[in-house]
Amino acid sequence: MRASPLFVLLLSSLALLGEAPPPRAFRQWLGGQEVGGATVETKQDGATREIRSRDWMVLSRLGQEIRQEVSETVRRGPDGHLTFTWRLQLSSEPFEGKAEWSPSEPGVLSLQPTQGPPVRKDILPGALLWPEDLDARLMAAARAGRPVQAITFSFPIQQWSTLQLDCKGPAPLPGFPDAILFTGQESEGAATVPVEVWISPTAGELRHRSELSGLDMLTQRSELPAPAPARASEGFFERTLQKLPLHPFQPWMPEWTLRAEGPAPNLPEDAQQTRLPGGRWRLRRAALPDAAEAAQPPVQGVPSPEEGRYLAPSPLVQFQDPAFAPLIRRMALPPGLSRWDLARRVNRFVFDWITEKDFTVGFASALEVCHHPRGDCTEHGVLAVALLRRLGVPARGVTGWVGLGEVLGLHFWVEVRLKDRWVPIDPTFEQVPASALRIKLGDTDLAD
């Protein structure tokens with residue numbers, strides 16, 4: 001489970017217009033436990049203005065600390081020319097790059113990631129590239145009590161982000177009596193989460209609340225009082241684990257029925273996960289492919305629009321890199337294999353390739369796992385998705401909880417497209433199809 005960089009876009013916009021203000025600091029909590037923070041600094045050097053933002057998160061997992069960090073620098077020259085540099089550290093190999101925007105070509109953003117070829121992106125109508133423009137829009141909305149709509153760009157993951165907020169009215173915070181509460185949603189790529197944002201008409205954004213995998217995520221100015229702390233005896237990861245009654249045939253059970261304590265959760269439904277009356281959910285193991293599904297060939301040539309996004313490369317899934325060729329050769333695949341045959345072989349290969357099952361890895365890219373075969377469920381998942389896409393099999397990642405022995409814990413696995421359905425597989429545990437006792441929270445094309 002990894003925090004989304006969505007809130008970085010908002011934090012990086014908090015420098016006021018005019019003279020350079022003092023640096024601003026923020027603190028962040030996830031699931032009630034403080035896990036990180038952010039700083040924003042603005043400088044003026046003659047006619048050139050610069051904004052530097054840095055945000056970090058440190059998660060404790062089974063006695064090990066995992067640190068993740070994002071840093072960005074934006075400069076605006078005297079002629080309005082914008083330059084961007086970024087560094088996203090999720091594991092040992094960072095994502096880095098630079099970008100430029102010129103008033104002479106206002107509809108295009110030119111990106112040069114360190115890992116990958118140059119990219120030219122068409123700028124969406126009304127998009128805001130200079131961070132202080134977003135801050136000015138937020139403060140103006142707070143003064144007028146009107147809704148907010150804004151499109152910005154997340155450079156570390158090369159995705160457009162959309163923020164939509166409705167004004168709910170005054171909501172004073174300690175030290176900021178003019179704070180206004182807004183609620184709505186923010187979207188980054190295909191991911192959308194609900195948000196609450198407190199904005200001061202004079203000081204900008206003060207507090208930002210959203211969720212990650214069902215856990216509350218709070219980022220706020222360091223001047224504000226901290227929320228009540230979570231139980232100090234437990235780390236963040238340990239607090240996500242739930243005890244299960246021991247069942248000797250758990251991995252092989254075809255079906256489970258679970259009942260929620262309290263309000264029934266809002267979960268996606270498919271053939272493997274169905275809502276029942278009384279706050280219950282039925283979980284099933286995916287059916288084996290029928291004859292037509294088992295024979296379906298991989299995609300060759302131009303894919304359909306529906307499958308195209310699940311066959312595309314991304315900063316996390318760089319399967320076009322030459323480093324993947326030796327892994328494909330190592331698999332020794334005979335010609336003519338179907339999608340399902342390839343899924344089974346990739347699932348087994350990834351399980352065997354990652355020899356060091358290591359919880360200390362943050363969220364490595366598929367390319368990093370090619371170079372260093374170590375990691376946990378996320379590293380198994382991204383490598384499997386990369387190999388499957390390179391072989392023409394539409395694949396995506398899934399986040400949720402999985403039952404293993406006496407524990408129900410957060411997990412990441414893979415789904416492959418067969419005809420009109422998605423079939424879960426799990427390279428971490430070498431399961432094809434994946435076991436039934438898993439609660440799906442959502443899926444991702446790994447572009448975000």
Side-chain angles (χ1 to χ4, degrees), residues 4-13 49-53 55 70-77 79-90 94-137 148-164 185-193 302-321 365-367 382 385-386 389 396-397 444-448:
S4 169
L6 267 169
F7 73 96
V8 178
L9 292 171
L10 295 175
L11 296 180
S12 65
S13 70
R49 194 165 179 84
E50 178 183 278
I51 300 174
R52 293 188 178 186
S53 63
D55 123 45
V70 181
S71 59
E72 293 187 43
T73 300
V74 188
R75 293 184 180 90
R76 184 175 64 188
D79 62 349
H81 187 95
L82 301 180
T83 60
F84 308 82
T85 59
W86 71 86
R87 189 176 193 271
L88 171 61
Q89 186 86 39
L90 294 178
F95 300 94
E96 299 175 295
K98 59 184 180 180
E100 293 186 357
W101 176 85
S102 172
S104 62
E105 198 174 9
V108 176
L109 185 63
S110 299
L111 298 99
Q112 177 57 73
T114 302
Q115 296 176 325
V119 178
R120 285 170 59 86
K121 282 189 174 287
D122 293 331
I123 296 177
L124 299 180
L128 305 176
L129 295 179
W130 179 243
E132 289 180 334
D133 290 342
L134 175 58
D135 190 52
R137 180 170 297 184
V148 175
Q149 288 192 345
I151 300 173
T152 52
F153 191 74
S154 176
F155 288 91
I157 60 172
Q158 301 169 39
Q159 288 279 339
W160 292 104
S161 301
T162 302
L163 179 68
Q164 295 181 313
Q185 64 181 26
E186 55 188 352
S187 302
E188 190 170 77
T192 299
V193 295
V302 179
S304 67
E306 184 180 8
E307 293 187 335
R309 61 183 284 207
Y310 302 109
L311 290 164
S314 76
L316 280 172
V317 187
Q318 321 97 313
F319 61 81
Q320 295 172 324
D321 192 278
S365 69
L367 182 58
V382 295
V385 168
R389 291 185 183 181
R396 66 189 185 188
T444 171
D445 59 8
L446 289 174
D448 52 26

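The first residue in the sequence is number 1, and the count goes up from there.
Note that OG1 of Thr162 is 9.0 Å distant from CD of Gln149, once rounded to the nearest 0.5 Å. The distance from atom CG of Leu82 to atom CG of Leu109, rounded to the nearest 0.5 Å, is 9.0 Å. Taking OG1 from Thr73 and CD1 from Ile51, the interatomic distance works out to 10.0 Å, rounded to the nearest 0.5 Å. Separating the CG atom in Asp445 from the CG atom in Leu311 is a distance of 11.0 Å, to the nearest 0.5 Å. Rounding to the nearest 0.5 Å places CG of Asp133 at 7.0 Å from CZ of Arg76. For the atom pair CH2 of Trp86 and OG1 of Thr114, the computed distance is 7.5 Å after rounding to the nearest 0.5 Å.
Side-chain N or O atoms of Ser187 include none that pairs as donor or acceptor with a backbone N or O of Ser161 at under 3.5 Å. The backbone N or O of Thr83 lies less than 3.5 Å from no partner atom in the side chain of Arg75, so there is not a single donor-acceptor pair. For Gln318 (side chain) and Leu367 (main-chain N/O), a donor-acceptor pair under 3.5 Å exists by modelled atom type.
Here the closest heavy-atom approach between residue Ala150 and residue Arg137 is recorded as CA-NH1, 3.9 Å. Between Thr152 and Trp160, the shortest heavy-atom contact is O-CE3, 3.3 Å.
Using a cut-off of 4.0 Å between Lys/Arg side-chain N and Asp/Glu carboxylate O, Glu100 and Lys98 are scored as not salt-bridged. Salt bridge annotation for Arg49-Glu132: present, with a cationic side-chain nitrogen under 4.0 angstrom from a carboxylate oxygen.
Figure legend: cation-pi geometry between Arg396 and Tyr310, with NZ or CZ positioned under 6.0 Å from the six-membered ring centre and within 45° of its axis.
Within the 4.5 Å cutoff, side-chain heavy atoms of Ser365 are placed close to those of Phe95. Contact annotation: the side chain of Glu72 approaches that of Pro156 to within less than 4.5 Å [non-hydrogen atoms, C-beta and beyond].
Note on ring orientation: taking the six-membered ring where Trp is involved, the planes of Phe155 and Phe84 are parallel (angle under 30°, cut-offs 30° and 60°).
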Throw together a table of side-chain donor-acceptor distances under 3.5 angstrom for residues 119-128, partners on residues two or more places apart or in other chains.
from: Arg120; atom 1: NH2; to: Glu105; atom 2: OE2; distance (Å): 2.5

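Looking at residues two or more places apart in sequence or on another chain, you find a side-chain contact (heavy atoms from CB on, under 4.5 Å) between Pro106 and Trp101.
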